[in-house]
Amino acid sequence: MAEPEIPDRFLGGYAEILGEVAGTGRRLTREELESRRTLGRESAEAGHQLRALVRLHLAETRASWPATARGTDAAATDAVLAAVEQAVDAFAEGFERAQRLTVRREEAARREFIDDLLYGRSDLGRLAERATRFGLRLSRAHAVAVAAGPEAYTESDAAPRSVEAALLTRFSGRKILLTTKDGRLVCIAPGSQPDVLRYFAKQAHAATDGGQVAVGRPHRGPGGVVHSYDEALEALDMAERMGLDDPVLYSADLLVYPVLTRDRQAMADLVRSELGPLQQARGGAEPLLETLSVYFDAGCVAAETARRLALSVRALTYRLERIHQLTGSDPSDPIHRYSLQTAVIGARLLDWPAKEL
């Protein structure tokens, strides 16, 4: 695509200044330098490229050279070149100032939009209009992935920048929004493109030195982004409470846990009823609760459970018998197993026995 033609007004008497410099050998005045900075700022605001603007100045220098440099006069030539250097430098300074200001404004607008989007603030219609500026069409379904690492991150840190570079390289044509929020990396992508969030999860896990990534379900509309974001945060919180160490968590796979805790009082009653007697054991309930948790995670396979707990199979068998004696429920009995396993999950979610129910 051809670059737009740059109006001559952005030269602002440049040839006349060179003519005076060639005749007098003077340097540019403070007012002239300031006018160059102003023209640089205005050209940046008009959307012109600095490379094209510098080329325009050099072309004007060449075009007016015979008149300004007075033939082969070395002093005049030196004065004109010095003036060119001053003029272009001041012009570029004004241009760069305008660009930095524009970038800061864009960053502020982007941050405000992200805050409004993820917190569900602002009028939904207006939010959808603003979203198009950042490449999102909120009328469609979107999903959100959140990555948490060992430290808090900002957008200027190495980890977010490396993840962004990887995503842009692989998905340059996709409508993706990558940011940081509350120290975590956040990626918003169309719900119809799960490969984007899978790749984000892979890159974020590596960039955050093994951090955990949670992916919310796709939902439609501006409120759908908030919903998916909340699901991803809940999945990370659930993983911490349940001791889940999977590098990537999908909220769709963890829906059973919110269901189990929807009636908190009923779950607390189940934990007290099924596991409360374990507190009578020597050393308290925690060692036997851990035994049950690992036993269920290992598929109720005694040898694998013993290996994970660094116990002999005989010692594990003793613990399971002790649990049976205290609770009246046999972990190896399929009829008792469901209640015990549900109670163990509830104990994790409610942080029992560390917290009183």
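Since the model is a prediction, treat every value here as computed from it, not as a measurement. Counting from 1, the numbers follow the sequence of the chain as shown. Heavy-atom basis, side chains included; hydrogens, waters and symmetry copies ignored.
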Do Leu39 and Leu11 make a side-chain contact, defined as non-hydrogen atoms from C-beta onward lying under 4.5 Å apart? no
Any chance you could measure Leu270, atom CG, to Leu275, atom CG, to the nearest 0.5 Å? 7.5 Å
Hey, are Glu164 and Arg161 close enough for a salt bridge, meaning a charged N less than 4.0 Å from a carboxylate O? no
Just to verify, what does Arg37 make a side chain to side chain contact (heavy atoms under 4.5 Å, CB included) with, not counting sequence neighbours? Leu33, Glu34, Ala90, Glu93, Arg97
My understanding is that only residues two or more places apart in sequence, or in another chain, count here; which of them pass side-chain hydrogen bond (donor to acceptor under 3.5 Å, both in side chains) with Gln341? none
Pair Tyr229, Ile188 - check side-chain contact (heavy atoms from CB on, under 4.5 Å), show working. CA-CA 9 Å; Tyr229 176 63; Ile188 304 171; over 6 Å; no
Could you pull out all donor-acceptor pairs under 3.5 Å where a side-chain atom in residues 244-253 meets a protein atom, sequence neighbours excluded?
{"from": "Ser251", "atom 1": "OG", "to": "Val215", "atom 2": "O", "distance (Å)": "3.3"}
{"from": "Ser251", "atom 1": "OG", "to": "Arg217", "atom 2": "N", "distance (Å)": "3.3"}
{"from": "Ser251", "atom 1": "OG", "to": "Glu231", "atom 2": "OE1", "distance (Å)": "3.4"}

With a 4.0 Å cut-off on N to O distance, would you call Asp195 and Arg198 a salt bridge? no
Applying side-chain hydrogen bond (donor to acceptor under 3.5 Å, both in side chains), name anything that partners Thr180, two or more places apart in sequence or on another chain. none
Side-chain contact test, heavy atoms from C-beta onward, threshold under 4.5 Å: evaluate it for Glu60 versus Leu18 and give yes or no. no
By side-chain hydrogen bond (donor to acceptor under 3.5 Å, both in side chains), which residues pair with Asp89, not counting sequence neighbours? none
Contact check, side chains of Tyr14 and Asp8, non-hydrogen atoms, under 4.5 Å: no
Test item: Gln279 and Trp352 side chains (from C-beta on) under 4.5 Å apart, heavy atoms: yes
Heavy-atom neighbours of Lys202 NZ exceed 12 at 6.0 Å: no
Classify the ring geometry between His227 and His219 as parallel (under 30°), tilted (30 to 60°) or perpendicular (over 60°). parallel
Using the side chain to side chain donor-acceptor pair (under 3.5 Å) rule, take Glu155 and Thr179 through it: C-alpha gap first, then chi angles, then the decisive distance, then the call. CA-CA 6 Å; Glu155 290 187 4; Thr179 185; 2.6 Å; yes
Contacts of type side-chain hydrogen bond (donor to acceptor under 3.5 Å, both in side chains), residue Asp237, not counting sequence neighbours: Arg241
